[in-house]
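What follows is a single structure, written as structure tokens, with notes after it.
Below, read A as the first sequence line, B as the second, and so on, with proteins coming before strands; counting in each chain starts at 1.
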Protein chains: 2
Amino acid sequence: MATPPSSREKILEVAEALFAQRGFAAVGMREVAGAAGLGKSSLFHHFRSKAQLYYEVLGRVLSRIQGRLDAPLRTAADPMERLQGWVDALIDALAEHPTSARLLLRGLFEDHDLAKAPPEAEQAERVLARILQQIHRLLREGVEAGTFRPVSVPDTVQTLIGATVYHFASGEIGEGLLGGTLFSADAVRRRKRELRVLLHDGLAAAVATPTRRNP
Amino acid sequence: MATPPSSREKILEVAEALFAQRGFAAVGMREVAGAAGLGKSSLFHHFRSKAQLYYEVLGRVLSRIQGRLDAPLRTAADPMERLQGWVDALIDALAEHPTSARLLLRGLFEDHDLAKAPPEAEQAERVLARILQQIHRLLREGVEAGTFRPVSVPDTVQTLIGATVYHFASGEIGEGLLGGTLFSADAVRRRKRELRVLLHDGLAAAVATPTRRNP
DNA sequence: GTCTATAGCTAGATAGAC
DNA sequence: GTCTATCTAGCTATAGAC
């Protein structure tokens with residue numbers, strides 16, 4: 001933990017911040033190099049192209065997030081509790097590194113010209129697909145078990161993404177609404193609580209869950 | 001309506017499509033010109049700079065959306081019904097032009113260097129602020145009237161944005177989840193229905209609304 | 001592994017003919 | 001109002017010395 005980061009790690013670090021804030025096209029390799037304390041050409045020793053650097057950054061972030069989402073899905077709790085745990089874990093993951101949500105949101109809605117995508121793009125794609133597949137399966141289970149209403153599962157996945165990823169990616173607009181940073185312990189706690197209740201009351205089947213508001 | 005569009009309108013039209021799909025930085029004036037059937041220099045006769053063109057496109061989209069959102073807020077219905085009407089109208093607006101949501105999402109979370117923003121940026125900003133202020137006020141009213149739970153109003157605004165704008169901006173990912181286009185009449189109807197129930201059950205105060213599911 | 005130098009290209013923006 | 005030509009500056013990427 002005290003070892004200084006290698007050049008490669010340092011580059012990934014600063015590139016993550018820059019790509020998250022301004023996106024792929026608006027960031028130049030020269031700027032990344034400067035922020036990493038290197039000459040521009042040194043970047044091309046560590047990464048074949050700008051696209052490879054980008055997808056390696058994106059893959060790292062996705063893996064970091066994915067690593068947090070396995071545990072809450074593996075519990076034996078009922079679907080509603082597993083969903084709550086999944087959302088909490090996702091929020092924790094997004095809140096831990098303020099760059100994650102922006103990068104992820106870009107990765108989600110930006111369409112990367114698959115024509116000139118480097119092989120690293122596939123790995124990122126796979127991690128993302130796995131995350132989406134897991135939450136999709138959980139929702140389907142919950143509907144089939146009668147824990148959730150008969151919702152449209154894909155629509156609900158979309159709502160979950162919007163409610164988590166967009167929120168923490170919203171930058172100035174979100175902070176203007178909230179009246180402060182999105183990432184303070186208070187703001188994160190409140191976000192979890194708000195979504196917990198909204199999802200509980202909004203997704204629970206009508207008769208099977210007469211109680212309201214989980215603690 | 002049969003009059004051919006002026007060059008200016010044609011430019012705004014094609015620029016909207018390009019900016020929506022790939023973002024400000026990734027689109028060149030040369031490309032916009034080509035798509036509009038003009039030489040690059042002709043663009044600079046109609047627009048002082050790329051930034052001005054971008055903000056004029058964004059302002060147009062925001063105004064188009066804002067124009068749909070006034071009516072449902074001015075009815076005398078209770079807050080829950082006005083909210084449902086607002087969400088339906090927003091979804092209709094976003095679904096009508098598939099470029100709107102992507103452009104709006106970019107405008108929401110991309111941070112535009114305010115240093116070099118043209119005066120046109122302020123107008124877009126004002127329209128956006130007005131939209132956010134109106135929905136904020138409606139939610140606050142509903143909470144104070146006891147129609148809604150005592151939710152965090154800013155968090156709920158964020159959730160509403162995520163559930164609408166992100167959904168229709170999600171492109172390939174969203175279509176992969178849905179298994180088809182986001183913009184078919186069926187998909188739009190389903191989106192409205194899903195959000196209607198989620199918001200009704202998820203936001204309604206506990207005792208005041210014993211019934212579930214609006215028709 | 002880092003550097004200087006540079007290739008080859010495209011960007012946004014301007015000048016001025018028509 | 002549209003064009004050709006051009007400016008300056010930036011870009012990704014490579015070559016090759018150290």
Side-chain angles (χ1 to χ4, degrees), chain A residues 3-58 106 110-121, chain B residues 3-58 103 106 110-121 124:
Chain A
T3 43
S6 68
S7 285
R8 203 188 142 81
E9 280 172 308
K10 180 70 182 171
I11 293 167
L12 286 167
E13 207 171 277
V14 302
E16 179 176 327
L18 287 168
F19 284 140
Q21 189 155 38
R22 304 215 302 279
F24 179 82
V27 173
M29 292 296 261
R30 178 183 176 170
E31 190 180 5
V32 175
L38 292 173
K40 188 181 54 168
S41 297
S42 302
L43 256 64
F44 287 92
H45 175 79
H46 296 279
F47 302 92
R48 293 190 313 281
S49 69
K50 183 185 175 184
Q52 190 214 340
L53 172 58
Y54 177 77
Y55 281 106
E56 216 149 307
V57 166
L58 184 60
R106 292 184 193 280
E110 212 89 41
D111 46 28
H112 333 81
D113 294 12
L114 301 114
K116 56 175 186 173
E120 284 76 9
Chain B
T3 42
S6 67
S7 285
R8 202 188 142 83
E9 278 172 309
K10 181 72 182 168
I11 293 167
L12 286 166
E13 208 171 275
V14 301
E16 179 176 326
L18 288 168
F19 284 140
Q21 190 157 36
R22 305 214 304 279
F24 178 81
V27 173
M29 292 296 263
R30 178 183 175 171
E31 192 179 5
V32 176
L38 292 172
K40 187 179 59 166
S41 297
S42 302
L43 257 64
F44 288 93
H45 175 80
H46 296 280
F47 302 93
R48 292 189 314 279
S49 69
K50 184 185 175 183
Q52 191 214 338
L53 172 59
Y54 176 77
Y55 281 107
E56 216 150 306
V57 166
L58 184 60
L103 212 42
R106 291 184 194 280
E110 212 89 41
D111 46 28
H112 331 82
D113 295 12
L114 301 114
K116 55 175 186 174
E120 284 77 9

Taking only side-chain nitrogens and oxygens of His46(A), does any of them come within less than 4.0 Å of OP1 or OP2 of dT2(C)?
yes

Ser7(A) side chain near dT2(C) phosphate (N/O to OP1/OP2, under 4.0 Å)
yes

Could you state the atom-to-atom distance from [atom1] of [X] to [atom2] of [N] in whole Å?
X: Met29(A); N: dG8(C); atom1: CE; atom2: P; answer: 20 Å
X: Lys50(A); N: dT12(D); atom1: NZ; atom2: C1'; answer: 8 Å
X: Arg30(B); N: dC3(D); atom1: CZ; atom2: P; answer: 14 Å
X: Leu53(A); N: dC11(D); atom1: CG; atom2: C1'; answer: 15 Å
X: Arg48(A); N: dT14(D); atom1: CZ; atom2: C1'; answer: 15 Å
X: Phe44(A); N: dT4(C); atom1: CZ; atom2: P; answer: 16 Å
X: Gln52(B); N: dG12(C); atom1: CD; atom2: C1'; answer: 14 Å
X: Lys116(B); N: dG12(C); atom1: NZ; atom2: P; answer: 11 Å

Which nucleotide in the set [options] lies at the smallest distance from any side-chain heavy atom of [X]?
X: Ser49(B); options: dT2(C), dA13(C), dT2(D); value: dA13(C)
X: Ser41(B); options: dA13(D), dT4(C), dT14(C); value: dT14(C)
X: Leu38(A); options: dT2(C), dA13(D), dT2(D); value: dT2(C)
X: His45(A); options: dT10(C), dG1(C), dA13(D); value: dG1(C)
X: Lys40(B); options: dC11(D), dG12(C), dT12(D); value: dG12(C)

Taking C-beta and beyond as the side chain, do [X] and [Y] meet within less than 4.5 Å on heavy atoms?
X: Tyr54(B); Y: Arg106(B); result: yes
X: Glu9(B); Y: His46(B); result: no
X: Val14(A); Y: Lys10(A); result: yes

Should the pair Phe19(A) and Phe24(A) be assigned to parallel (<30°), tilted (30 to 60°) or perpendicular (>60°) ring geometry?
parallel

Which value, rounded to the nearest 0.5 Å, describes the distance between Leu53(B) atom CG and Arg48(B) atom CZ?
11.0 Å

Touch check for Val32(A), heavy atoms < 4.0 angstrom, all strands: base, sugar-phosphate only, or nothing?
nothing

